[in-house]
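Atoms considered below: every heavy atom in the structure, side chains included; atoms not considered: hydrogens, waters and symmetry mates. Each chain gets a letter, A, B and so on, in the order its sequence line appears, and its residues count up from 1.
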Amino acid sequence: MSRVRYKATKRKMLVEYQRSCDAMGTRFDVFLRGADEQHLEAVAVAVQEEILRLDAALSRFDPRSEIARVNREAGKTAVRVDRELFALLKTCEQGRLATNGFFDVTQGGGWELDAAACSVRLATSGVQIDLGGVGKGYALDRGREILQRFQVASALLQGGTSSVLAVGDEVWPIDLRHPTKPDFIVARIELANRGLSCSAVRHAEQEPSDIVNPLTGTPLVGDAACVVLAASAAEAEIFSTALLAMGEWQAKDYLRANPDLNLDVHWLNA
Amino acid sequence: MTITRRTFLETAGAALATNSVARVEASPVRVAVIGTGGRGSDLIRALTTIDGVELIAVCDDYPPHLEQGAKYAGPQAKTFVDYRKLLDELKPQAVVIAVPLYLHYKIAADCLNAGYEVFLEKTMCYSLAEAKKLAAQVTASKRVFQVGLQRRANAIYKQAQAMVAAGMIGQVVSIKAQWHRNNSWRRPVPVPRTDANWPKLERKLNWRLYKAYSQGLMAELGSHQMDVANWFLGTHPKRVIASGGIEYFRDGREVYDNISCLYEYELKDAQGKSYTVRANYTSLCNNAYEGAAELILGTKGSLYLTSAKGLLFQEKGTDVVSWEGNKDQHAADANAAVVTAGKTLKLSNDPWAHRGAPFEIDIAEGNDTRDELVSFIDHVRREDVKTICDANVGLMDCATILMANQSVETGGWINFPTP
């Protein structure tokens, strides 16, 4: 569960602390560096508790979650949600507008967000919100807030081995594995103070894709993968999903037309 | 008894029928939240999703927590550092209290005195004397009062309780419950240990670890689960013997990092003869095996309960004979038992195989923290003092967990205190 290594540096002993937990149907890891092991453990647990809290709120598969409540009721009537969830849904709406509909947590179904009432209404009772394309990144971003509040200067957070957030100026090397050839490392990315998300049409032995083009409603085809680096892990996840749905050539046009998005984008093709 | 889908659904219907549903009426219920740390923030988020609730104020004497609570509560909620000022200025209809345990009595008593309906987080009070005084005050005040033991609002637990009451697991013979985790139970402190403010902040944020403010694992975790035992058995324990200590996290904490308790409940069978049900409870901070769950063992079945799912395992070898005799269409005589020549039935050697496939209780829709608040608000609106977890339940739960801590201190059996 936890592993501690001591590393001598020129000035002081730095402690590394690592912890894992299962959430959002996958594995999350927290790697922290600092001077005080007891402090790092407490911070790592706080980050994990935050991830687990968000898992309980955002999982559409758990009937107890807030998002499941919205999916059950918001097709019939506007549903009041908490301010945190509303802000996240608003971010998703901004992502939808910014990507011309290629990122859409309602898969093209449509919704109405009412900021004054802090409520959401789905276009029909058939529409369901799926935060699978942003939840892991959002959880990592909330983790970063905790790290900053508790003065952990250097950390790497990852969820599902597809969303990563490096906190602090230290450079963390990330190796990218090919989506369908597990033995093949395609590239190395050096990550500092930035979020990374990798979306692939298909993973090894997966057919068809679990990513749907929201404009057409059809699953993506091919073997492409798209890696996006952005200021936050949620942004990286939103854009890696959207750009993959656009396809490489349309995505390149889109990025040329929107230079101030400040994204680094890498494409992997079979 | 063999469980058919029909009998199960009838029991389920009975349990669901008791759900209270908040009705939205013209005037909202004006609610204030006192204590906006981790648990307080959970309650604030849940309150903001309930129709007919107007969250008018949040209060905390620790600025970072107040700021966090205000963010979740929204701009309409005023912020206060001192709860007495909040009560004087705003006159809320109901207050929700989620402060460290040692402050429960004082703040809840002040709120009742000022005429407000009260939702108080578990455990009801730090000491038995306080819990008794508060319960008496609640009764005298005729105010709506609810303790935050949210399993009382959880559809799975309500269903399971109805199943036990209906005799679906036979006579309850034993209960085994645990809350096992693997972390230090320590909250981070926002300044380095060398900072002059560290000792003060450490005690404020890690109040759970110090005896002046906390009753340790039994109050923070065990109270939920021993309440399930009290609820399902319909009584309080008669006596307890417990052992606990600080064996691993020797970091200056004062409360035990592990505890084991053996409770005895005295019950009467259908013929009026008394018998004892023993409940084992353990809590660990350094092994997470089985997590948080309660296991109710009966003569006809076992219920394994968690907040997310309940599992019913039927006992084998009594009602159901596995060797069903001759159902083979090729056999000459339908009454003959069949032996397959040269073939022995082979069973799995999996250590869990004896339990068989469980019957799942998977009916939870909605989060029990939200549901307990929906129920509280509903009771406030209807001025109905019979809440799902009233002061007497809270008092009994408080006495149940404190007697275990007392047993650890004195090293012997402790009887349930006289009323």
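At a 4.5 Å heavy-atom cutoff, the contact between B:A73 and chain A is made by backbone atoms alone. Contacts of A:A68 with chain B are absent, with no heavy-atom separation under 4.5 Å from either backbone or side chain. With a 4.5 Å cut-off on non-hydrogen atoms, A:E66 touches chain B through its side chain but not through its backbone. Contact annotation for B:Q68: only side-chain heavy atoms (C-beta onward) come within less than 4.5 Å of a heavy atom of chain A. For B:D368, no part lies under 4.5 angstrom from a heavy atom of chain A.
The two residues B:A308 and A:R64 come nearest to each other via the heavy atoms CB-NH2, 3.3 Å. Summarising the geometry of B:T49 relative to A:D82, their closest heavy-atom pair is CG2-N, 3.4 Å, with the distance given to 0.1 Å.
Applying the 6.0 Å contact sphere to CD of B:E67 captures no more than 12 heavy atoms from other residues, nucleotides or ligands. Around the CD atom of B:E254, the shell of radius 6.0 Å holds more than 12 heavy atoms that belong to other residues, nucleotides or ligands.
Tested against B:P188, the residues A:V47, A:D36, A:V43, A:L40 include a single side-chain contact (heavy atoms from CB on, under 4.5 Å) partner, A:V43.
Ranked by non-hydrogen atom pairs under 4.5 Å with chain A, the options B:R187, B:R186, B:K71 are led by B:R186. Comparing A:R149, A:E84, A:R53 by how many heavy-atom pairs each has under 4.5 Å with chain B, the most go to A:R53. Counting heavy-atom pairs closer than 4.5 Å to chain A, the top residue among B:P192, B:G38, B:P75 is B:P75.
In this structure, the separation between CH2 on B:W198 and NE2 on A:H39 is 10.5 Å, given to the nearest 0.5 Å.
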- Verdict with reasoning, A:Q48 to B:N183, per side-chain contact (heavy atoms from CB on, under 4.5 Å): CA-CA 11 Å; A:Q48 275 188 359; B:N183 70 65; over 6 Å; no
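A distance-only check finds a donor-acceptor pair linking the side chain of A:R80 to the backbone of B:T48 [under 3.5 Å]. Judged by distance alone, the side chain of A:Q151 and the main-chain N or O of B:V191 form no donor-acceptor pair under 3.5 Å.
Residues B:S184 and A:Q38 form no side-chain contact, since every pair of their non-hydrogen atoms from C-beta on lies 4.5 Å or further apart.
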